[in-house]
Amino acid sequence: MAENERTNFIWEAIKEDLAEGKNNGRVQTRFPPEPNGYLHIGHVKALTVDFLTAEKFGGVCNLRFDDTNPTKEKEEFVDAIMDDIHWLGFEYGNVYYASEQYDQIYAYALDLIRRGLAYVDDLSKEEIRAYRGTLTEPGKNSPYRDRTPEENMDLFLRMKNGEFPEGSHVLRAKIDMASPNINMRDPTIYRIKYAHHHRTGDKWCIYPMYDFAHPIGDALEGVTHSLCSLEYEIHRPLYNWVIDVCGFEQKPRQIEFARLNLTNTVMSKRLLRALVEGGYVSGWDDPRMPTLAGMRRRGFTSPAVRDFIDRVGVSKADSVVDCRLLDYCVRNDLNEKAMRAMAVLDPVRVVLTNVPEGTCEMCTIENHPKHPEMGTHEIPFTREIYIEREDFMIDAPKKFFRLKPDGEVRLKGAYIIRCERYDVDADGNVTCIYCTIDPESRSGSAGADRKVKGTIHWVSAAQSIPFEGRLYDSLVLDDTGETEVDAEDDSESEGQTNGPDFLRRLNPDSLKVVHGYAEPWLAQASVGDSFQFLRMGYFCKDKDSTDSLAVFNRVVPLKDSYKPE
RNA sequence: UGGGGUGUAGCCAAGCGGCAAGGCAUGGGACUUUGACUCCCACAUACGCAAGGUUCGAAUCCUGCCACCCCAGCCA
């Protein structure tokens, strides 16, 4: 059975490490988010790889907040991140913060200075860039590169003590300004920032860079395999350099894999933040957002999200996954769990002429066709009802199985009705349909086995509740699946005057609101409960529903194999 | 024109020298008091290259070429 066990290239690599006896057979990973935003579906892939890899090899996966840039980070985000991980059902071991490792990281920096492996540079940001060279030309040494360890030590201490303004000095690793790998051309490892850190407050005014803090954090925590996305591949030599130079005995191994991209949406935290801060969406949990908070509010379930990630797989090839696979996973999960109910989104009135006025029969309907243990509920049946406008067609084609003049159709859970006549307004819109019921055909009765080709959903006109359906059928962007992220302007610039380029691709149809009627039973639903409205899809009761109005988000539509013409 | 990566169907993705798994999507059919679900069937003579080579045999090895992605933050 181990024969067919699912694996991936990362696990194969780890098996080889284990076979060579590395790390004494121990495997440890970490999920290292920067608390500068909410987790999105792309993070789920990363964190799933981290957690499942640890689980696979009987190790632990810790959570570490890579909070080395105080200007972007907030406590709100660390809370949201932990909530999201729990929602997904993963258990992390310890919780670490890079900011709690600052003392140790600082000590390693001092050691590098002492050994002549790091120096304080007085060059400006622009000068450093100029000295770095280009992709095709080597860089040249900074005039400050050969300062003595004593001089560097003095300068670095003064940096730490707040004697210099931001931007005036940085600490650089002394590696090789002519390296074909630009990341090795004396990378900056510490910079001055007079910023309030959400955890260390104003204790520090120098902060380590990712490239320095990350490998040290990994080593300090005992990480054996540091899994990350492809863009860090080029940083691996630097990662290994830091590990070596700091003298860590047990050397974590960095392995990179492709990050997740999804059609119809954008996965860049910078762009998601622009949507939130620019007011284009209601917040990080807007149901159109690919954030876990948004998807959760929309009604996506964690098993569905996990199944999706599992089906996507792990490789090193750049890819864009069709968002219809995610939809499939959601439908697949909800099909088993969601109770069946009826709501009419675009109502047209139907009068059942042979049902006496004042009649109110209760029809019993199963909550789930395949799970009788899920129980039943009652729906009031009255003389006047609403059906879906699209379920009636005057000039119906041959293969239209729903209601048409002189045609018969079954009202789900109730009677078979026949269309006798209908009213039309000046514009040709149907305003009312008159039908008769077959009294023998009531569901559950002896005559109920008569077959008609179609079954439609309905609600009582008098005994139903107002319904607002939000049809978030597309994620934030249109369906071109392309996202041009303008390389320019860092997220620090607030200028929202003319939003980023991609905002032009915001899908105006990504949120449609419809008003209709729902069966009374739905008034008892709790926020977060999901239902399948027959033919219309899966809906989840939204958090801002009120007693007088049932507000449901459409999680995902049902597949519809009916094709007109 | 530097370096690091990746190229298997519309989209993901197995495959690791022995003759192309699987899923989504798509098309057809059966079933159906949800045109849903479920169930059948179809869907790469072909693996970036009408390129060389090794081999009895290559998607898998070697050479060359092409395409795309990443790197010149005092972001992560």
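Here is how names work: the chains are called A, B, and so on, in the same order as the sequence lines, proteins then strands, and each is numbered from 1.
Residue A:Ile456 contributes atom CD1, which lies 20 Å from atom P of B:U32 at whole-angstrom precision. The nearest whole Å value for the distance from the CG atom in A:Asp176 to the P atom in B:A72 is 17 Å. Atom CG in A:Leu326 sits about 14 Å away from atom C1' in B:G23, given to the nearest Å.
Under the Watson-Crick and G-U wobble criteria, each requiring two contacts below 3.5 Å, nucleotide B:U33 is left unpaired. Pair check for B:U45 finds none; no Watson-Crick or G-U wobble contact set falls under 3.5 Å. Pair assignment for B:G17: none, as no Watson-Crick or G-U wobble contacts are both less than 3.5 Å.
At a threshold of 4.0 angstrom between heavy atoms, the contacts of A:Gly139 with the nucleic acid are absent. Using a 4.0 Å heavy-atom distance criterion, A:Arg185 is classed as making no nucleic acid contact. Among the atoms of the strands shown, only primed sugar atoms or phosphate atoms (P, OP1, OP2) are found under 4.0 Å from some heavy atom of A:Arg324. Contact annotation for A:Ser124: base contact, defined as any heavy-atom pair under 4.0 Å involving a base atom. Residue A:Lys451 is classed as a sugar-phosphate contact, given heavy-atom separations below 4.0 Å to backbone atoms only. Within the 4.0 angstrom heavy-atom criterion, base atoms lie near A:Val170. Contact annotation for A:Ile309: no contact, since no heavy-atom pair falls under 4.0 Å across all strands. As judged by a 4.0 angstrom heavy-atom cut-off over every strand, A:Tyr328 is placed among residues touching the sugar-phosphate backbone only. Counting any heavy atom pair closer than 4.0 Å across all strands shown, A:Ile128 reaches a base atom.
Under 3.5 Å, the side chains of A:Arg199 and A:Tyr97 contain a donor-acceptor pair of N or O atoms. Judged by distance alone, the side chains of A:Asp121 and A:His169 never bring a donor and an acceptor atom under 3.5 Å apart.
Nucleotides B:G10 and B:G2, compared at atom P, are 33 Å apart to the nearest Å.
Nucleotide B:G73 carries a syn base; the chi torsion (O4'-C1'-N9-C4 or O4'-C1'-N1-C2) is within 90° of 0.
Electrostatic pairing of A:Glu166 and A:Lys125 does not count as a salt bridge here, judged by no charged N lying under 4.0 Å from a carboxylate O.
In this model, a side-chain donor or acceptor of A:Arg402 finds a partner on the base of B:G35 within 3.5 Å.
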A:Ile85 and A:Phe31: CA distance, side-chain angles, deciding distance, side chain to side chain contact (heavy atoms under 4.5 Å, CB included) verdict: CA-CA 10 Å; A:Ile85 296 173; A:Phe31 173 55; 3.9 Å; yes

